[in-house]
Amino acid sequence: VDAELAFWMMLFLGGYAAVLAFLLTRVLRRR
Amino acid sequence: MQRGLMQQSGEHWGSRIAIVAAAVSMAVGTGNIWRFPRIAAEWGGGAFGFAVTIAVVIWAVPLLMCEFLMGARSRLGNVGAFRDFMGRGYAWAGAFMACVTLAIMGYYSVVTGWCLRYFAAAVGGELGPDIDGQAYWEAFTANPALTAGFHALAVIAATTVVYRGVRGGLERVLEVLLAALLVIIVVLAVRAATLPGAVDGLRYLFVPDWPRLGDARLWLEAFTQVAWSTGAGWGLLMVYAVYARDNEDIATNSSVVAVADVLVGMLAAMIVLATLFAIAPTPQFTEAALASGNVGLTFIYVVELLAGMPGATLVTPLFFLALAIAALSSLIAMFELGTTNLINFGLARHAAAITVGLMALALGLPSALWLAFLDNQDWVWGVALLASGLLTAAAILKFGVERARAEINRTSDLQVGRWWSICVGLIPLVFVVLFGWWMHQAVTSLPGRWWNPLETFSVGTIAVQWLLVFAVVFGLNRFLAERIARGPMSEPPALASSRDGGKGGR
């Protein structure tokens, strides 16, 4: 396992996905 | 500010999810799939991702909120929105923005046609393991019946959707297209990332090359990518917001667009770079692919790469289907921009949609027949998007940036802080730097000829074409300001007339 790659993938993909998920929960809460 | 008035035709999105899906499908276009991977690879992977994130906060999110606010509160397309936010002397600014995006629509439908053609070819088994990508591309683009035919197909598809209206056409189609696109992108990203040897490509994409952050060009490329890819400054979100329901959440919806756009770009970069590093026969092939530009990378190198990939019979059609969907859903937004502005001039939706379709057919034909013409239009109007972004920020600055922020917060779940006002104030500065950099590049790449309007990528061709459009819209300002429909923010005609000294607009 390439730990360095895993860290940066988590940071970029995970970070953007987490922000998007947070925003979408707001969208779904007040449709 | 008056509330509760729906856009003049009475149309509106059926739900909040509908407008968010439409807006994301508008932003996610070919730029995410064929430009983001190439530029990210060229500019230090993770370091580029970091700069893109800053650009999203400074340029994309504030501008998308500005656009959403202008459309939702004025209930008018670009021309009317600028008139009502800036005053009757500035309808030309909205017309300039609309002209820029409609000029892009002309050649973008040609590009959409290419994507449809390659999808059809992939399904038909024409892009098999023995494909010579270069020869196939040259044979395709040398066949005017094919390029013009697929351009016409893209125009017919987009016109049909827009013709059927916001709920019956756009909402129904865009939700399905976006869902299909996201599923395909995720499936392809997982497939590419699990190829033997894909790790090298992923490292290239995600692990930051920190010293590159000190290179000004990385920042310029990141801001340019964000300006072109997220749809901020195109005027498209402004038009979709015209049909928003009352009290729609401006801050959250606009932020979703920017974040989703970058995320799709990163997934597309995973597909392209992981595949490239895993399948490319030689390092020279990888280098040549990344240096071959958007069209070369996608329609020549990726075609050859996918053809040699395990599961190519499924992966190749899926890739070009994703590209075609991304292109078509953005094209539909451009058609809607033209249609909404024409509706504001008193046309019925059906007549407006057909008029825009015919206009797109005519505007795109030269690009379908001559690649150099397409390249020229892409250069001239791609850079003009930066000017459209500047005009949007100028509209909000004239309206009152704090007043605009209060208006956004009035109907938003997430409250926007003072950072937003600062970013809107920074946009003119960012424009000067980006525009100056692109002009500097044009001058240095064409020494002695940069002024020539007949050169494809010159400063001269930009100056002539921009000035032509500017002269027309500026000259027509009074006509535009008077003839466009009135919305909830519009001044009563008598008041407007007395303010102009009885002379109307400029």
Side-chain angles (χ1 to χ4, degrees), chain A, chain B residues 13-21 23-24 40 44-50 52-53 56-57 61 182 186 189-190 193 198-210 245 247-249 251-267 269-270 274 411-414:
Chain A
V1 177
D2 187 330
E4 190 187 23
L5 173 62
F7 172 79
W8 288 112
M9 279 184 76
M10 277 296 291
L11 190 77
F12 282 112
L13 286 180
Y16 270 94
V19 173
L20 186 60
F22 167 76
L23 294 170
L24 287 178
T25 54
R26 300 263 171 164
V27 170
L28 292 171
R29 196 187 300 167
R30 229 182 62 177
R31 294 191 201 191
Chain B
W13 300 99
S15 67
R16 187 172 175 190
I17 294 169
I19 188 172
V20 170
V24 172
F48 180 77
F50 182 75
V52 159
T53 305
V56 162
V57 173
V61 169
L182 295 179
V186 169
V190 171
V199 171
D200 290 339
L202 296 177
R203 281 193 71 85
Y204 201 66
L205 174 64
F206 288 111
V207 178
D209 182 3
W210 290 117
R245 297 178 306 171
N247 301 324
E248 191 63 83
D249 184 330
T252 312
N253 293 357
S254 307
S255 304
V256 168
V257 177
V259 173
D261 182 78
V262 177
L263 189 58
V264 171
M266 286 186 181
L267 290 171
M270 277 177 68
T411 56
S412 294
D413 194 7
L414 289 176

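This structure is a prediction, so every number in the text was calculated from the model and none was measured. Per chain, numbering begins at 1; letters A, B, ... match sequence-line order.
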Item to complete: Select, from B:Leu414, B:Leu267, B:Leu205, the one with the greatest count of heavy-atom pairs under 4.5 Å involving chain A.
Response: B:Leu414
Practice prompt. Please report the shortest heavy-atom distance between B:Val259 and A:Leu23, naming the atom on each side.
Written response: CG2-CD1, 4.2 Å
Taking 3.5 Å as the threshold, show me the donor-acceptor pairs across chain A and chain B, one per line with distances to 0.1 Å.
residue	atom	partner	partner atom	Å
A:Asp2	OD1	B:Arg203	NH1	2.9
A:Asp2	OD2	B:Arg203	NH1	2.5
A:Glu4	OE1	B:Arg203	NH2	2.6
A:Tyr16	OH	B:Thr53	OG1	2.8
A:Arg26	O	B:Arg16	NH1	3.3
A:Arg26	NH1	B:Asp413	OD1	3.4
A:Arg26	NH1	B:Asp413	OD2	3.4
A:Arg30	O	B:Arg16	NH1	3.0
A:Arg30	NH2	B:Thr411	O	3.4
A:Arg31	O	B:Arg16	N	3.3
A:Arg31	O	B:Arg245	NH2	2.3

Item to complete: Considering non-hydrogen atoms only, spot the tightest contact between B:Ala198 and B:Ala193 and give its length.
Response: CB-O, 3.6 Å
Worksheet entry | Side chain / backbone / both / neither for B:Val20 at chain A, heavy atoms under 4.5 Å | side chain
Fill in: side-chain contact (heavy atoms from CB on, under 4.5 Å) assessment of A:Leu13 paired with B:Met270
CA-CA 10 Å; A:Leu13 286 180; B:Met270 277 177 68; 3.5 Å; yes
Fill in: Region of A:Leu11 in contact with chain B, defined by heavy-atom distances below 4.5 Å
neither
Worksheet item: Considering only heavy atoms, which portion of A:Phe7 lies under 4.5 Å from any heavy atom of chain B: side chain, backbone, both, or neither?
Response: neither
Discussion item. List the residues meeting side chain to side chain contact (heavy atoms under 4.5 Å, CB included) with B:Ala258, not counting sequence neighbours, and say none if there are none.
Written reply: B:Val56, B:Ala60, B:Val61, B:Leu64
